[in-house]
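So the structure is just underneath, and the comments pick up after that.
Here the structure is a predicted model, which means the values were calculated and not measured. Computed from heavy atoms alone, side chains included, the values below leave out hydrogens, waters and symmetry copies. Both ligands and their constituent atoms are indexed starting at 1 by order of listing.
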Amino acid sequence: MSGSERPHVALVTGAGRPGGIGRAIAERLLADGCTVVMSDLGARMPDNPDYEVPSASELDRTIDELGELGPVTGIRCDVRDEAEVDAMIASVVAEHGRLDVLVNNAGVGGGLGEVVDMSLADWQLNLDVMATGVFLCSRAAARHFVERGAGGRIITIASQAGKSGMPLLAAYSAAKFAAIGLTQSLAHELGPHGITVNAVCPGTIDTPLLDLPGGLMEVYARRFGMEKERYRSRVTKAIPLGRFGQPDEIASCVSWLASEDAAFVTGAAINVTGGQEMH
Ligand code: NAP
(Lines give C-alpha, C1' and ligand atoms only; values in the text may rest on other atoms or scores of the structure.)
Protein backbone atom coordinates (compact mmCIF):
# COMPACT_ATOMS: atom_id res chain seq x y z
CA MET A 1 0.00 0.00 0.00
CA SER A 2 1.53 3.40 -0.90
CA GLY A 3 1.61 6.32 1.52
CA SER A 4 -1.16 8.17 -0.27
CA GLU A 5 -3.51 5.14 -0.06
CA ARG A 6 -3.06 4.80 3.70
CA PRO A 7 -6.05 5.93 5.76
CA HIS A 8 -4.32 8.45 7.99
CA VAL A 9 -1.26 10.67 8.09
CA ALA A 10 -0.09 10.91 11.71
CA LEU A 11 2.55 13.16 13.29
CA VAL A 12 4.13 12.11 16.60
CA THR A 13 6.30 14.65 18.45
CA GLY A 14 9.22 13.65 20.69
CA ALA A 15 9.39 10.26 19.00
CA GLY A 16 13.10 9.68 18.42
CA ARG A 17 14.28 8.36 21.78
CA PRO A 18 14.89 4.61 21.79
CA GLY A 19 12.62 2.93 24.34
CA GLY A 20 10.35 5.97 24.56
CA ILE A 21 6.57 6.19 24.36
CA GLY A 22 6.71 8.24 21.14
CA ARG A 23 8.59 5.54 19.29
CA ALA A 24 6.08 2.90 20.48
CA ILE A 25 3.21 5.12 19.27
CA ALA A 26 4.86 5.58 15.86
CA GLU A 27 5.37 1.82 15.61
CA ARG A 28 1.75 1.08 16.49
CA LEU A 29 0.31 3.68 14.10
CA LEU A 30 2.44 2.24 11.29
CA ALA A 31 1.07 -1.22 12.11
CA ASP A 32 -2.44 0.30 12.00
CA GLY A 33 -1.75 1.37 8.42
CA CYS A 34 -0.96 5.05 8.97
CA THR A 35 1.73 7.06 7.23
CA VAL A 36 3.82 8.38 10.12
CA VAL A 37 5.98 11.46 10.55
CA MET A 38 8.17 11.32 13.65
CA SER A 39 9.53 14.55 15.02
CA ASP A 40 12.10 15.16 17.70
CA LEU A 41 14.42 17.74 19.14
CA GLY A 42 17.57 15.94 17.99
CA ALA A 43 19.92 18.66 19.29
CA ARG A 44 20.88 20.25 22.56
CA MET A 45 18.65 23.12 23.69
CA PRO A 46 20.97 26.18 23.73
CA ASP A 47 19.15 27.58 26.76
CA ASN A 48 19.31 24.19 28.58
CA PRO A 49 22.78 22.82 27.72
CA ASP A 50 22.68 20.32 30.60
CA TYR A 51 19.52 18.58 29.37
CA GLU A 52 20.51 15.09 28.16
CA VAL A 53 19.76 14.68 24.46
CA PRO A 54 20.64 11.59 22.45
CA SER A 55 22.69 12.29 19.34
CA ALA A 56 20.90 13.77 16.35
CA SER A 57 21.47 10.55 14.43
CA GLU A 58 19.18 8.64 16.80
CA LEU A 59 16.02 9.93 15.12
CA ASP A 60 17.46 8.81 11.77
CA ARG A 61 18.30 5.39 13.19
CA THR A 62 14.79 5.00 14.61
CA ILE A 63 13.29 5.93 11.24
CA ASP A 64 15.50 3.36 9.50
CA GLU A 65 14.40 0.68 11.95
CA LEU A 66 10.69 1.51 11.66
CA GLY A 67 10.88 1.91 7.88
CA GLU A 68 10.33 -1.84 7.54
CA LEU A 69 6.84 -1.41 9.02
CA GLY A 70 5.60 1.24 6.60
CA PRO A 71 6.09 4.79 5.33
CA VAL A 72 7.83 6.85 8.01
CA THR A 73 9.82 10.08 7.82
CA GLY A 74 11.29 12.46 10.36
CA ILE A 75 11.44 16.19 11.06
CA ARG A 76 13.60 17.93 13.63
CA CYS A 77 11.49 20.42 15.59
CA ASP A 78 11.66 22.09 18.98
CA VAL A 79 8.01 22.18 20.03
CA ARG A 80 8.68 25.37 22.04
CA ASP A 81 9.46 27.31 18.87
CA GLU A 82 6.41 28.81 17.12
CA ALA A 83 8.09 29.18 13.71
CA GLU A 84 9.55 25.64 13.79
CA VAL A 85 6.18 24.14 14.76
CA ASP A 86 4.28 25.99 12.03
CA ALA A 87 6.94 24.95 9.51
CA MET A 88 6.70 21.31 10.69
CA ILE A 89 2.93 21.14 10.11
CA ALA A 90 3.28 22.95 6.76
CA SER A 91 5.94 20.50 5.65
CA VAL A 92 3.82 17.44 6.60
CA VAL A 93 0.92 18.88 4.61
CA ALA A 94 3.20 19.76 1.67
CA GLU A 95 4.70 16.26 1.62
CA HIS A 96 1.58 14.15 2.24
CA GLY A 97 -1.24 16.44 1.17
CA ARG A 98 -2.80 16.37 4.63
CA LEU A 99 -2.46 15.63 8.33
CA ASP A 100 -5.13 13.56 10.11
CA VAL A 101 -3.72 12.77 13.56
CA LEU A 102 -1.44 14.83 15.82
CA VAL A 103 0.10 13.08 18.83
CA ASN A 104 1.65 15.55 21.30
CA ASN A 105 4.18 13.31 23.01
CA ALA A 106 7.28 15.50 23.53
CA GLY A 107 8.16 15.88 27.18
CA VAL A 108 11.01 16.52 29.60
CA GLY A 109 11.77 14.81 32.88
CA GLY A 110 14.18 17.21 34.57
CA GLY A 111 13.69 20.06 37.01
CA LEU A 112 12.50 17.84 39.84
CA GLY A 113 12.57 19.13 43.39
CA GLU A 114 10.81 21.12 46.06
CA VAL A 115 9.19 24.35 44.85
CA VAL A 116 11.21 26.34 47.40
CA ASP A 117 14.41 25.15 45.69
CA MET A 118 13.14 25.28 42.12
CA SER A 119 14.77 27.64 39.64
CA LEU A 120 12.66 29.72 37.29
CA ALA A 121 14.52 28.04 34.39
CA ASP A 122 13.42 24.54 35.50
CA TRP A 123 9.82 25.70 35.96
CA GLN A 124 9.89 27.40 32.57
CA LEU A 125 11.37 24.42 30.69
CA ASN A 126 8.56 22.12 31.87
CA LEU A 127 5.86 24.65 31.00
CA ASP A 128 7.48 25.54 27.67
CA VAL A 129 7.76 21.95 26.40
CA MET A 130 4.65 20.32 27.84
CA ALA A 131 2.12 23.18 27.93
CA THR A 132 3.24 25.79 25.36
CA GLY A 133 4.57 23.06 23.04
CA VAL A 134 1.21 21.27 23.15
CA PHE A 135 -0.56 24.58 22.49
CA LEU A 136 1.64 25.46 19.50
CA CYS A 137 1.42 22.01 17.86
CA SER A 138 -2.33 21.69 18.54
CA ARG A 139 -3.00 25.19 17.19
CA ALA A 140 -1.07 24.59 13.99
CA ALA A 141 -2.74 21.19 13.43
CA ALA A 142 -6.20 22.57 14.29
CA ARG A 143 -5.81 25.38 11.75
CA HIS A 144 -5.05 22.79 9.07
CA PHE A 145 -7.89 20.48 10.20
CA VAL A 146 -10.46 23.32 10.16
CA GLU A 147 -9.29 24.64 6.79
CA ARG A 148 -9.38 21.16 5.26
CA GLY A 149 -12.84 20.44 6.68
CA ALA A 150 -12.35 16.68 7.02
CA GLY A 151 -12.11 16.34 10.81
CA GLY A 152 -8.96 15.32 12.62
CA ARG A 153 -7.60 13.93 15.87
CA ILE A 154 -5.46 15.61 18.51
CA ILE A 155 -4.11 13.24 21.15
CA THR A 156 -1.88 14.56 23.94
CA ILE A 157 0.25 12.39 26.18
CA ALA A 158 -0.39 14.02 29.55
CA SER A 159 0.24 12.10 32.80
CA GLN A 160 -1.28 10.89 36.02
CA ALA A 161 0.59 13.95 37.36
CA GLY A 162 -1.89 16.00 35.33
CA LYS A 163 -4.70 14.61 37.51
CA SER A 164 -3.10 14.79 40.97
CA GLY A 165 -0.22 16.94 42.19
CA MET A 166 2.80 15.05 43.55
CA PRO A 167 5.75 16.19 45.66
CA LEU A 168 8.92 17.17 43.72
CA LEU A 169 6.95 17.29 40.49
CA ALA A 170 5.31 20.72 40.70
CA ALA A 171 6.53 22.10 37.37
CA TYR A 172 5.87 18.83 35.50
CA SER A 173 2.49 18.46 37.15
CA ALA A 174 1.47 22.06 36.43
CA ALA A 175 2.39 21.59 32.76
CA LYS A 176 0.37 18.37 32.52
CA PHE A 177 -2.67 19.95 34.25
CA ALA A 178 -2.38 22.74 31.66
CA ALA A 179 -2.30 20.18 28.83
CA ILE A 180 -5.49 18.55 30.13
CA GLY A 181 -7.22 21.94 30.49
CA LEU A 182 -6.20 22.81 26.94
CA THR A 183 -7.54 19.43 25.78
CA GLN A 184 -10.96 20.15 27.30
CA SER A 185 -11.18 23.70 25.91
CA LEU A 186 -10.09 22.58 22.44
CA ALA A 187 -12.57 19.70 22.50
CA HIS A 188 -15.37 22.28 22.95
CA GLU A 189 -14.02 24.58 20.23
CA LEU A 190 -13.19 21.92 17.64
CA GLY A 191 -16.11 19.51 18.18
CA PRO A 192 -18.33 21.39 15.69
CA HIS A 193 -15.62 20.77 13.07
CA GLY A 194 -15.67 17.00 13.64
CA ILE A 195 -12.26 17.13 15.34
CA THR A 196 -11.73 15.12 18.52
CA VAL A 197 -9.24 16.18 21.19
CA ASN A 198 -8.21 13.80 23.95
CA ALA A 199 -5.42 13.18 26.45
CA VAL A 200 -3.84 9.92 27.57
CA CYS A 201 -2.55 9.91 31.16
CA PRO A 202 0.22 7.35 31.60
CA GLY A 203 1.17 6.17 35.07
CA THR A 204 4.65 4.83 35.74
CA ILE A 205 5.91 3.61 32.38
CA ASP A 206 9.28 1.94 31.87
CA THR A 207 11.08 4.44 29.62
CA PRO A 208 14.45 6.24 29.67
CA LEU A 209 12.68 9.38 31.01
CA LEU A 210 12.36 7.76 34.44
CA ASP A 211 16.01 6.78 34.66
CA LEU A 212 17.75 9.87 33.27
CA PRO A 213 20.49 11.24 35.55
CA GLY A 214 18.61 13.54 37.93
CA GLY A 215 15.38 11.88 36.76
CA LEU A 216 12.33 10.74 38.68
CA MET A 217 13.61 7.45 40.09
CA GLU A 218 16.91 8.90 41.27
CA VAL A 219 15.37 11.99 42.85
CA TYR A 220 12.56 10.11 44.63
CA ALA A 221 14.90 7.38 45.86
CA ARG A 222 17.18 10.04 47.34
CA ARG A 223 14.23 11.84 48.91
CA PHE A 224 13.12 8.63 50.66
CA GLY A 225 16.70 7.72 51.56
CA MET A 226 16.75 4.42 49.70
CA GLU A 227 18.52 2.72 46.80
CA LYS A 228 16.88 3.23 43.39
CA GLU A 229 15.96 -0.47 43.13
CA ARG A 230 14.29 -0.44 46.55
CA TYR A 231 12.35 2.65 45.57
CA ARG A 232 11.25 0.99 42.31
CA SER A 233 9.83 -1.95 44.22
CA ARG A 234 8.02 0.42 46.61
CA VAL A 235 6.37 2.15 43.61
CA THR A 236 5.50 -1.21 42.09
CA LYS A 237 3.65 -2.19 45.26
CA ALA A 238 1.59 1.03 45.05
CA ILE A 239 0.28 0.07 41.60
CA PRO A 240 -2.84 -2.12 41.88
CA LEU A 241 -1.81 -4.19 38.84
CA GLY A 242 1.60 -4.70 40.48
CA ARG A 243 3.95 -3.59 37.71
CA PHE A 244 5.19 -0.64 35.67
CA GLY A 245 3.46 -0.05 32.33
CA GLN A 246 5.14 -0.53 28.96
CA PRO A 247 5.30 2.07 26.16
CA ASP A 248 3.20 -0.11 23.83
CA GLU A 249 0.36 -0.02 26.39
CA ILE A 250 0.18 3.76 25.93
CA ALA A 251 0.42 3.24 22.16
CA SER A 252 -2.66 0.94 22.26
CA CYS A 253 -4.75 3.70 23.81
CA VAL A 254 -3.50 6.23 21.23
CA SER A 255 -4.27 3.76 18.43
CA TRP A 256 -7.85 3.42 19.70
CA LEU A 257 -8.32 7.20 20.06
CA ALA A 258 -7.07 7.64 16.47
CA SER A 259 -9.48 4.99 15.17
CA GLU A 260 -13.10 5.20 14.03
CA ASP A 261 -14.07 3.22 17.19
CA ALA A 262 -13.36 6.38 19.21
CA ALA A 263 -15.26 8.78 16.93
CA PHE A 264 -17.62 9.83 19.78
CA VAL A 265 -14.87 10.34 22.38
CA THR A 266 -13.63 13.89 22.95
CA GLY A 267 -12.44 15.96 25.91
CA ALA A 268 -11.38 12.78 27.72
CA ALA A 269 -8.21 12.29 29.79
CA ILE A 270 -7.82 8.53 29.95
CA ASN A 271 -5.75 6.92 32.71
CA VAL A 272 -3.39 4.15 31.63
CA THR A 273 -1.82 3.64 35.04
CA GLY A 274 -2.45 0.09 36.20
CA GLY A 275 -4.83 1.68 38.72
CA GLN A 276 -2.25 4.07 40.26
CA GLU A 277 -4.56 6.99 39.35
CA MET A 278 -8.32 6.48 39.35
CA HIS A 279 -9.96 9.86 38.84
P1 NAP B 1 11.29 10.22 26.50
O2 NAP B 1 11.68 8.91 25.98
O3 NAP B 1 12.34 11.08 27.12
O4 NAP B 1 10.55 11.04 25.37
C5 NAP B 1 10.39 12.42 25.41
C6 NAP B 1 10.76 12.95 24.06
O7 NAP B 1 10.45 14.34 24.00
C8 NAP B 1 12.24 12.78 23.75
O9 NAP B 1 12.37 12.17 22.49
C10 NAP B 1 12.76 14.22 23.73
O11 NAP B 1 13.74 14.48 22.75
C12 NAP B 1 11.51 14.97 23.31
N13 NAP B 1 11.64 16.40 23.62
C14 NAP B 1 12.07 16.99 24.75
N15 NAP B 1 12.04 18.33 24.63
C16 NAP B 1 11.59 18.59 23.38
C17 NAP B 1 11.37 19.78 22.64
N18 NAP B 1 11.60 20.98 23.17
N19 NAP B 1 10.90 19.66 21.36
C20 NAP B 1 10.69 18.45 20.81
N21 NAP B 1 10.90 17.29 21.46
C22 NAP B 1 11.34 17.36 22.72
O23 NAP B 1 10.15 10.05 27.58
P24 NAP B 1 8.82 9.17 27.60
O25 NAP B 1 8.77 8.56 28.92
O26 NAP B 1 8.69 8.34 26.39
O27 NAP B 1 7.75 10.34 27.58
C28 NAP B 1 6.87 10.61 26.53
C29 NAP B 1 5.70 11.41 27.04
O30 NAP B 1 5.00 10.64 28.03
C31 NAP B 1 6.12 12.71 27.74
O32 NAP B 1 5.20 13.73 27.42
C33 NAP B 1 6.03 12.36 29.21
O34 NAP B 1 5.81 13.47 30.02
C35 NAP B 1 4.83 11.40 29.20
N36 NAP B 1 4.77 10.53 30.38
C37 NAP B 1 5.75 9.59 30.61
C38 NAP B 1 5.61 8.78 31.75
C39 NAP B 1 6.63 7.72 32.08
O40 NAP B 1 6.48 7.07 33.12
N41 NAP B 1 7.63 7.48 31.27
C42 NAP B 1 4.54 8.93 32.61
C43 NAP B 1 3.58 9.89 32.32
C44 NAP B 1 3.70 10.68 31.19
P45 NAP B 1 15.28 14.07 22.96
O46 NAP B 1 15.30 12.59 22.94
O47 NAP B 1 15.94 14.68 21.77
O48 NAP B 1 15.66 14.65 24.27
Side-chain angles (χ1 to χ4, degrees), residues 11-27 38-62 74-82 84-85 88 103-112 124-134 136-137 155-164 166 169 171-180 199-213 215-217 220 232 235 239 243-251 253-254 269-274 276-277:
L11 169 65
V12 187
T13 68
R17 205 180 265 268
I21 291 171
R23 180 190 159 123
I25 293 169
E27 216 169 313
M38 301 173 75
S39 109
D40 212 339
L41 193 56
R44 249 170 225 290
M45 296 185 250
D47 47 341
N48 290 281
D50 296 335
Y51 178 73
E52 278 286 321
V53 178
S55 73
S57 61
E58 254 171 10
L59 178 60
D60 296 335
R61 197 177 327 134
T62 300
I75 300 181
R76 294 207 165 73
C77 173
D78 185 336
V79 297
R80 304 170 302 161
D81 186 303
E82 184 176 21
E84 282 189 27
V85 168
M88 170 174 70
V103 183
N104 289 306
N105 171 75
V108 285
L112 306 171
Q124 201 67 57
L125 176 62
N126 278 272
L127 271 289
D128 283 352
V129 175
M130 295 178 293
T132 305
V134 173
L136 290 173
C137 293
I155 302 163
T156 295
I157 309 305
S159 172
Q160 63 182 357
K163 296 277 190 84
S164 301
M166 296 178 195
L169 271 181
Y172 182 86
S173 196
K176 295 299 191 181
F177 268 77
I180 292 174
V200 177
C201 299
T204 310
I205 311 297
D206 239 332
T207 74
L209 186 83
L210 293 186
D211 284 312
L212 286 175
L216 201 80
M217 285 296 142
Y220 270 105
R232 273 184 95 94
V235 175
I239 301 171
R243 63 174 176 85
F244 284 17
Q246 294 302 315
D248 61 356
E249 295 178 306
I250 306 305
C253 188
V254 171
I270 301 173
N271 298 330
V272 185
T273 67
Q276 205 178 359
E277 174 60 63

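Relative to atom 10 (C) of ligand 1, the option among D40, L41, T132 with the closest non-hydrogen atom is D40. Remark: among candidates A158, G215, G19, G107, the nearest residue to atom 5 (C) of ligand 1 is G107, based on non-hydrogen atoms. When G203, G162, S39 are ranked by how near their heavy atoms come to atom 42 (C) of ligand 1, first place goes to G203. Counting heavy atoms only, N105 comes closest to atom 31 (C) of ligand 1 of the residues V85, N105, I157, V12. When the options K176, M88, R23, R17 are ranked by their closest heavy atom to atom 46 (O) of ligand 1, first place goes to R17.
Ligand 1 has a nitrogen or oxygen under 3.5 angstrom from a nitrogen or oxygen of V79. The N/O atoms of Y172, backbone and side chain alike, include one that comes under 3.5 Å of an N/O atom in ligand 1. For the pair I21 and ligand 1, the shortest N or O to N or O distance falls below 3.5 Å. Ligand 1 has an N or O atom lying under 3.5 Å from an N or O atom of T207, backbone or side chain.
For T273 against P202, the heavy-atom pair with the smallest separation is CG2-C, 3.9 Å. The nearest pair of heavy atoms linking A178 to A131 is CB-CB, 3.9 Å. Between M88 and C77, the shortest heavy-atom contact is SD-CB, 3.6 Å. Between T13 and A106 the shortest heavy-atom distance is OG1-N, 3.0 Å. Contact detail for V85 and D78: the closest heavy-atom pair is CG2-O, 4.0 Å. Among all heavy-atom pairs drawn from E249 and V272, the shortest one is O-CG1, 3.8 Å.
Each of the following atoms of ligand 1 lies closer than 4.0 Å to a heavy atom of V129: 15 (N), 18 (N). Atoms of ligand 1 lying under 4.0 Å from at least one heavy atom of I205, given by number and element, are 39 (C), 40 (O), 41 (N). Which parts of ligand 1 touch C77 is read off a 4.0 Å heavy-atom cut-off, strictly below it: atoms 19 (N), 20 (C). If you number the atoms of ligand 1 from 1 as listed, the ones under 4.0 Å from a heavy atom of G20 come out as 2 (O), 26 (O). The contact set between ligand 1 and V108, taken as ligand atoms under 4.0 Å from a residue heavy atom, comprises 14 (C), 15 (N). Residue contact check: D78 has heavy atoms under 4.0 Å from atoms 17 (C), 18 (N), 19 (N) of ligand 1.
By the 4.0 Å N-to-carboxylate-O rule, D40 lies too far from R23 to be salt-bridged with it.
Put simply, the side chain of Y220 does not reach to within 4.5 Å of the side chain of L112, judged on heavy atoms.
Contacts with ligand 1 closer than 4.0 Å are made by no heavy atom of T13, backbone or side chain.
Not one N or O on the side chain of T156 forms a donor-acceptor pair closer than 3.5 Å with the backbone of N104. Although no hydrogens or angles enter the test, the distance criterion places no donor-acceptor pair under 3.5 Å between the side chain of K163 and the main chain of K176.
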